[in-house]
Amino acid sequence: VVTGPGILRRANEFLRREGMSGRVITISSRRVWRLWGARLQSGLGKRTSEPILIDDRESRKNLGSVEAICRKLARVCADRSSTVLAFGGGVVGDVAGFAASCYMRGIRLVQVPTTLTGQVDSAIGGKTGVNLAEGKNLAGAFHAPRLVLADPLMLGTLSQQEFSSGMFEVVKCAVALDSGLFRFLEMEGGRLDRLSPRKLCWVIARCQRAKAQVVSRDEKEDGLRQVLNFGHTVGHAIEAATSYRELLHGEAVGWGMIAATLMAIGMDRLRAEDGARILRMIRRVGDLPEIRGLSRDELHRMIGRDKKSLGGRVGWVLPVGIGSAAYGIEVPEELVRSAFKDMAVVYRGLRLGR
Ligand SMILES: NC(=O)c1ccc[n+]([C@@H]2O[C@H](COP(=O)([O-])OP(=O)(O)OC[C@H]3O[C@@H](n4cnc5c(N)ncnc54)[C@H](O)[C@@H]3O)[C@@H](O)[C@H]2O)c1
Ligand SMILES: [Zn+2]
């Protein structure tokens, strides 16, 4: 993983350093390509070719898009010496990564994440995949990138809402894994969408390191890696129940972290003061959109379907302190229900400020 402002311009140098000599086929979205394509092309020098552009809406993160990419790869005669370069946010990374994992039974992958979520989370760790109508990320593969290039300069063109969506994943990382990062963010005060570039770069590298450490100890998510799913059980359920259209991923995770924090307090696994610190931090990321027209029963049903529920039993990830989470926790039904009932009220009661 290479992180730094301006490194996009040196893409070819890093590819060569990793011994990647064959063709590079870029997969991106129209928007990302329009904004940053020229910069990537100049960084890749002579190795560029026409990119494969995909629709990167979450609702199009499906097997159809993977098939379309594989067919295009076949038509441009990509072979086993070719490299897929995923250039975009988490959707492009997940879809292009999955295509790279199955085209010709797997070709090389380079991730060049262009969103905060991508740089701190989705491009790290080798998980790729797509959604099914039955649930989020239900079809996929582990396919580790040979190289990740994260250039924070590219985040300058994200909307505030998209930036905040990534910041929820940063908070997830801090709560579940890194108390030092959490304290750093607390010291910042104010809203978290105004970090200086230098601080942002530090935060990104810190998240990448924390995630990489966990992943290196549990690549296939048999255990420890599950802590990275803090906020995601409810988050994924909200996304699926709203057909991936109403909230950004990070926003759904924001709601999920609130619910899980309330459950942790309710189970006496988390001190109320620490719970309050976590909730305040979530509030400082940005405004969470309300979840309209989603009944609690529906949420329940979607959670039962989530792939992390083994044999109908949901293994919850709960914060048990600042920088530490437990996984596989069984939460009593009534606590789950009251967390769903209370989360919107609790959120609205949180004051923005230092
Ligand atoms: N594989 C993993 O481990 C993992 C981890 C976390 C999230 N994810 C997945 O990532 C996805 C969310 O990713 P995301 O939050 O990056 O959103 P996204 O990929 O949907 O991108 C959001 C929007 O921003 C645009 N965009 C991207 N970069 C831009 C830039 N630099 N400037 C302006 N616009 C830009 C995109 O075109 C898109 O319209 C979800 O599908 C989630 O499941 C995967
Ligand atoms: Zn996530």
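Small disclaimer: the values here were computed from a predicted structure and weren't measured. For ligands, and for the atoms within them, numbers begin at 1 and follow the listed sequence.
- Looking at Asn137 against ligand 1, only its side chain comes within 4.0 Å, counting heavy atoms.
- Here Arg60 has no heavy atoms under 4.0 Å from ligand 1, in either its backbone or its side chain.
- Using a 30° and 60° split on the angle between ring planes, Phe87 and Trp33 fall in the perpendicular class, above 60°.
- Neither the backbone nor the side chain of Leu116 comes within contact range of ligand 1; no heavy atom lies under 4.0 Å.
- Nearest residue to atom 6 (C) of ligand 1 from Asp56, Asp121, Leu228 is Asp121 (criterion: closest heavy atom).
- A salt bridge links Lys199 with Glu188; the closest basic N to acidic carboxylate O contact falls under 4.0 Å.
- In this structure, Trp202 and Leu181 have side chains that are in contact, with non-hydrogen atoms separated by less than 4.5 Å.
- Residue-level proximity to ligand 1 for Leu158 is carried by backbone and side chain together, each with a heavy atom below 4.0 angstrom.
- With respect to Asp94 and Lys136, no salt bridge is recorded, no charged nitrogen being found less than 4.0 Å from a carboxylate O.
- When heavy-atom distances to ligand 1 are checked against a 4.0 Å cut-off, Leu35 comes that close only through its side chain, counted from C-beta outward.
- Around the Zn ion (ligand 2), the protein atoms of type N, O or S that sit closer than 2.8 Å are Glu169 OE2, His232 NE2, His249 NE2.
- By the 4.0 Å N-to-carboxylate-O rule, Glu169 lies close enough to Lys172 to be salt-bridged with it.
- Between His300 and Phe340, the angle of the ring planes goes over 60°, which puts this pair in the perpendicular group of the 30/60° scheme.
- The list of salt bridge (charged side-chain N to carboxylate O under 4.0 Å, His left out) pairs with a residue in residues 202-213, not counting sequence neighbours, reads Asp121-Lys211, Asp178-Arg206.
- If you look at Glu162 next to ligand 1, the close heavy atoms, those under 4.0 Å, all belong to the side chain.
- Both the backbone and the side chain of Ser122 come within 4.0 Å of ligand 1, judged by heavy-atom distances.
- With salt bridges taken as basic N to acidic carboxylate O contacts below 4.0 Å, none links Arg277 and Glu273.
- Few gaps surround CZ on Arg23; more than 12 heavy atoms of other groups in view lie less than 6.0 Å from it.
- Scored by the side chain to side chain donor-acceptor pair (under 3.5 Å) test, Arg31 finds Glu162 as partners (sequence neighbours excluded).
- Inclusion of Ser165 in the set of residues having an N or O under 3.5 Å from an N or O of ligand 1 is not warranted.
- Contact annotation for Thr114 and ligand 1: heavy atoms of both the backbone and the side chain come within less than 4.0 Å of the ligand.
- Partners of Trp316 under the ring-ring contact (aromatic ring centres under 6.0 Å, His included) rule, at least two apart in sequence or in another chain, do not exist in this structure.
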